[in-house]
Amino acid sequence: MELQELRSFIRGLPKAELHLHIEGTLEADMIFALAERNKVRLPYADIESLKRAYQFTNLQSFLDLYYAGAAVLQTEQDFHDMTWAYLQRAAADGVVHTEIMFDPQTHTSRGVVIETVFAGLASALRQGQQELGISSSLIFSFLRHLSEAEAFATLEQALPLREQYADLWLSVGLDSSEKGNPPEKFQKVFARCKELGFRRVAHAGEEGPASYVRDALDLLQAERIDHGVRSEEDPALMQHLRQEQVPLTVCPLSNLKLCVVTDLKQHNLKRMLEQGLCVTVNSDDPAYFGGYILDNYMAVAQALDLSREQLVQLAQNSMNARF
Ligand code: ADE
Ligand code: ZN
């Protein structure tokens with residue numbers, strides 16, 4: 001298949017994006033524009049020198065830059081503009097539904113109130129439904145390098161807003177530094193979220209071991225696993241994931257940029273798909289990893305020589321795995 005033809009074929013498949021950090025869609029030029037608007041000083045002379053810093057050796061080396069970049073977000077308008085820019089890109093890639101993660105603690109810890117964050121995200125998502133026909137929801141994600149007590153406190157701050165955003169805030173997630181921050185650390189807050197009726201996802205098996213995937217399922221009652229690529233190290237777990245059709249939200253270009261794999265040709269996405277797992281393709285932090293969802297599909301389609309049927313299956317899996 002010609003590349004252009006492959007691209008329009010994938011673009012035409014109705015797709016859901018289920019693993020996207022909205023703060024990871026902040027393009028370098030928008031970081032500079034918002035820094036100027038909000039009078040925030042950046043430690044980079046210009047857009048090009050910021051982009052030159054996007055050379056990551058592991059998850060933490062990325063997170064350090066990602067949290068620094070998010071510091072330019074101050075007002076409701078900033079959150080709106082960032083989200084709207086993402087939705088336009090997603091629509092152009094043939095995304096019809098998106099479940100967006102955001103990190104409330106990254107903002108509240110800087111003095112941005114949770115009301116500002118919700119208001120900006122929600123106005124863009126509602127506009128996206130009306131003007132672009134994209135349906136969406138929000139995944140309120142806890143930072144796992146912080147304590148469970150801090151996760152509880154953030155949840156408490158946000159709960160008064162639940163009714164106002166009942167159409168959007170459906171779920172909670174767990175992200176940030178995986179190694180050394182196992183799922184069990186957040187068992188109580190996830191149990192509380194389940195009691196409150198929230199759907200649950202968790203990053204696991206990105207850099208951390210397969211046992212974190214199992215614990216995310218057993219201890220956090222996660223309904224989808226973000227990444228999960230290291231599940232392959234545990235055959236019994238693989239069997240469980242297949243039997244229960246637990247969705248894995250895989251992010252190929254992220255795995256490459258963060259050195260989870262050294263070459264996309266070695267990525268296990270196709271193997272997991274062929275074993276009947278509910279694998280999906282997503283972009284994670286597209287502004288930092290060199291591509292939005294269509295670029296991720298294209299990259300694996302080429303590197304792993306995926307058939308049309310497999311591409312259809314991946315898109316179908318994403319639609320089936322929606323909340
Ligand atoms: N936050 C943003 N991107 C992330 C990733 N790939 N893993 C964990 N936390 C994240
Ligand atoms: Zn992620």
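Just follow the structure's listing: the first ligand is 1, and inside any ligand the first atom is 1. The chain is numbered in sequence order, starting from 1. Computation of the quantities below employed the complete heavy-atom set of this structure, encompassing side-chain atoms and omitting hydrogens, waters and symmetry-equivalent molecules.
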> Aromatic ring centroids of Phe62 and Tyr66 under 6.0 Å?
Replying inline: yes

>> I'd like to check which ligand 1 atoms, numbered from 1 as shown, lie under 4.0 Å from a non-hydrogen atom of Phe62.
In response: 2 (C), 3 (N)

>> Under 6.0 Å from the ring centre and within 45 degrees of the ring axis: does the NZ or CZ of Arg37 meet both conditions for the six-membered ring of Phe32?
In response: no

> To the nearest 0.5 Å, how far apart are CD1 in Ile134 and CG in Leu125?
Replying inline: 9.5 Å

> How far is atom 3 (N) of ligand 1 from its nearest protein heavy atom, and which residue and atom is that?
Replying inline: Asp285 OD2, 2.7 Å

>> Between the side chains of Lys15 and Asp93, is the shortest nitrogen-to-carboxylate-oxygen separation below 4.0 Å, so that they form an ion pair?
In response: no

> Does Ser283 offer a backbone N or O that forms a donor-acceptor pair with the side chain of Glu17 under 3.5 Å?
Replying inline: yes

> Looking at atom 1 (N) of ligand 1, what's its closest protein heavy atom, distance included?
Replying inline: His21 CE1, 3.5 Å

>> What do you get for the angle at the Zn ion (ligand 2) between OD1 on Asp284 and NE2 on His21, to the nearest 10 degrees?
In response: 90°

>> Looking at ligand 1, would Asp103 count as a contact under a 4.0 Å heavy-atom criterion?
In response: no

> Are any of the heavy atoms in Arg144 under 4.0 Å away from ligand 1?
Replying inline: no

> Looking only at non-hydrogen atoms, which of Val260, Thr106, Asp284 approaches atom 6 (N) of ligand 1 most closely?
Replying inline: Asp284

>> If the contact criterion is a heavy-atom separation under 4.0 Å, does Ser176 count as touching ligand 1?
In response: yes

>> Using a plain distance cutoff, I'd like to know if Glu206 has any nitrogen or oxygen under 3.5 Å from a nitrogen or oxygen of ligand 1.
In response: yes

